[in-house]
Amino acid sequence: MAKVRRTKRFYIQLGLDVTIMAGLTLLNLLTTPHSLRVQRPALAWGVALAVSGLSTFDRLPFFTPAWKRRQVEK
């Protein structure tokens, strides 16, 4: 159940991030189309989302349940 909750939370966050970045991009293009100031926030959010996704789907070797279990056993 915890894994399902984490996965659901990740997909909700993904939807929010995409919606907000689309809005920021639109706002940027409407106000200053010659200067794309939205690139840095998009890159930062993209990296944070990638790390969150890797953690959610157990792709980071030091955040998996097996790693946590080994640390507790130590």
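Residues Trp45 and Leu54 do not share a hydrophobic cluster, defined by chaining ILVMFWY side chains whose heavy atoms lie under 4.5 Å apart. Leu36 and Leu26 fall into different hydrophobic clusters, where Ile, Leu, Val, Met, Phe, Trp and Tyr are joined by side-chain heavy atoms under 4.5 Å apart, directly or via other members. Val18 and Leu49 fall within the same hydrophobic cluster, defined by Ile, Leu, Val, Met, Phe, Trp and Tyr side-chain heavy atoms under 4.5 Å apart, directly or through other members.
Here the side chains of Lys8 and Arg5 are not in contact, with every heavy-atom distance at 4.5 Å or above. Using a 4.5 Å cut-off on side-chain heavy atoms (C-beta onward), Asn28 and Leu24 make no contact.
Nearest heavy-atom pair, Ser55 versus Arg6, reported as atom, atom and distance to 0.1 Å: O-NH2, 4.0 Å.
A side-chain donor-acceptor contact under 3.5 Å links Thr7 to the backbone of Lys3.
The environment of Phe57 atom CZ is dense: over 12 non-hydrogen atoms of other residues, nucleotides or ligands sit within 6.0 angstrom.
To the nearest 0.5 Å, atoms CD (Gln39) and OG1 (Thr25) are separated by 9.5 Å.
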